[in-house]
Amino acid sequence: MSDSNDSDLNNNTQLVEPPYLHKLGFAYNTALGALVCLTCGIAIVPSHIVNHVKNKHAECSINPDRELIARDIELYGVPEHLPSLDLTTRPAFQGLTVHTALQCSLCPKVYVAQSSMVYHHHTEHKGIPVPSSWHSVSAQQLDHTLERSFFPVIPQVTLPLPSGRAILDNIHAAMDRLDGQPAGHRLDPRLVSPWLKSNRWPELVKDRSVTDLRAIVAPLKANEFPLLVPAVHRLFLTSEDMFELVPELVLQRLNTADPVKT
């Protein structure tokens, strides 16, 4: 039957990553209380780590450092033995492979292979006709040897992330909704800010042509207003001298952000 591995570290809350063990491909599942091999999707006892890496992942050409392994085991308090689990249905343990399995209708036993379920029925439920089908469930197992019995689980539901196309469609839909709002809900585009409104800027430019407005902000030509530059310079110097005469409270207000003008 088909199976899937729930070893994605991006959306987990059960897995922690001991520094050296994580480099070897292991994580510690705090809910399970055991190390899991993220590649194989099974639980591992600390004493089997070195052999597991050498035998199951020889292609990685890693020679595990026993001292660094022992340091991580002690630091994270990893138990020496795998936990004993009953057949109670529970949330899936992250890092263990999730299998599609069959559950006995007369007891909680779970098997992946139908032949195993048939054998179980003949040995544990003698005299009762063998069902033609069994209820399909999700199941996990701790490992493939000592703790290979399956137990039913509730798999985690991972919501798919929206695609870029879906995000753009949502933005366009929101813009369409804004375009459909009643005109009375819109602001006058000439009221750029309260400061412009307080200076009557919208009133002053309302009846002006675009050409006139461009001429107002156009750079000065060389022969225009020949006395303007020295006049502005003199005004600046005079204003600077007057700062000594300005009261302290006025200076504080000039140097403070004015909500009306922002």
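The analysis underlying the following values was restricted to heavy atoms, covering all of them including side chains, and did not include hydrogens, waters or symmetry mates. Here, residue 1 is the first one in the sequence, and each next residue gets the next number.
In this structure, the side chains of Gln140 and Phe150 stay at 4.5 Å or more apart for every pair of heavy atoms. Counting heavy atoms from C-beta outward, Leu102 and Val112 have side chains that stay 4.5 Å or more apart. In this structure the side chain of Cys104 never reaches within 4.5 angstrom of the side chain of His135, judged on heavy atoms. Put simply, the side chain of Gln141 reaches to within 4.5 Å of the side chain of His99, judged on heavy atoms. Using a 4.5 Å cut-off on side-chain heavy atoms (C-beta onward), Val130 and His122 make contact. Taking the side chain as every heavy atom from C-beta outward, Leu32 and Gln14 never approach each other to under 4.5 Å. Using a 4.5 Å heavy-atom threshold, the side chains of Pro152 and Ser138 count as separate. You'll find the side chain of Thr97 stays beyond 4.5 Å of the side chain of Ile42, heavy atoms only.
Using cut-offs of 30° and 60° on the angle between ring planes, the pair His120 and Tyr111 is tilted.
The number of heavy atoms from other shown groups lying within 6.0 Å of NE2 (His144) is above 12.
In this structure, OG on Ser136 lies 10.0 Å from CD on Gln103, to the nearest 0.5 angstrom. Here the CD1-CG distance, from Ile44 to Leu24, works out to 11.5 Å after rounding to the nearest 0.5 Å. For the atom pair NZ of Lys23 and SG of Cys60, the computed distance is 14.5 Å after rounding to the nearest 0.5 Å. Rounding to the nearest 0.5 Å places CG of Leu96 at 11.5 Å from SG of Cys40.
The heavy-atom pair separating Val153 from Ala92 by the smallest distance is CB-CA, 3.9 Å. When all heavy atoms are compared, the tightest approach of Val36 to Gln94 is CG2-O, 4.4 Å. A pairwise comparison of heavy atoms in His121 and Ile128 identifies NE2-O, 3.0 Å as the closest pair. Here the closest non-hydrogen pair linking Tyr28 and Pro79 is OH-CD, 3.7 Å. In terms of heavy atoms, Gly95 sits closest to Leu38 at CA-CD2, 4.3 Å. Between Ala43 and Asp143 the shortest heavy-atom distance is O-CB, 3.8 Å.
The cluster map of Ile, Leu, Val, Met, Phe, Trp and Tyr, joined by side-chain heavy atoms under 4.5 Å apart, puts Leu35 and Val16 in the same cluster. Taking hydrophobic clusters as Ile, Leu, Val, Met, Phe, Trp and Tyr residues chained together by side-chain heavy-atom distances below 4.5 Å, Val205 shares a cluster with Ile216. Under the 4.5 Å side-chain heavy-atom criterion for grouping Ile, Leu, Val, Met, Phe, Trp and Tyr, Tyr119 is not connected to Val110 through any hydrophobic cluster.
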With a cut-off of 3.5 Å and sequence neighbours excluded, list every side-chain donor-acceptor pair involving residues 47-58.
unit_1, atom_1, unit_2, atom_2, d
His52, NE2, His57, NE2, 3.3
Asn55, ND2, Asn51, O, 3.1

Taking distance alone, no hydrogens or angles, what donor-acceptor pairs closer than 3.5 Å link side-chain atoms of residues 66-78 to residues at least two apart or in another chain?
unit_1, atom_1, unit_2, atom_2, d
Asp72, OD2, Tyr20, N, 2.8
Asp72, OD2, Leu21, N, 3.0

Step by step, work out the side-chain contact (heavy atoms from CB on, under 4.5 Å) result for Cys107 and His125. CA-CA 9 Å; Cys107 71; His125 307 297; 3.6 Å; yes
Could you walk me through whether Phe93 and Val98 pass the side-chain contact (heavy atoms from CB on, under 4.5 Å) test, one step at a time? CA-CA 9 Å; Phe93 293 110; Val98 177; over 6 Å; no
Dump the intermediate steps for side-chain contact (heavy atoms from CB on, under 4.5 Å) on Glu17 and Phe26, then the final yes or no. CA-CA 7 Å; Glu17 304 171 359; Phe26 299 94; over 6 Å; no
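The list of side chain to side chain donor-acceptor pair (under 3.5 Å) pairs with a residue in residues 77-88, not counting sequence neighbours, reads Asp86-Thr88, Asp86-Arg90.
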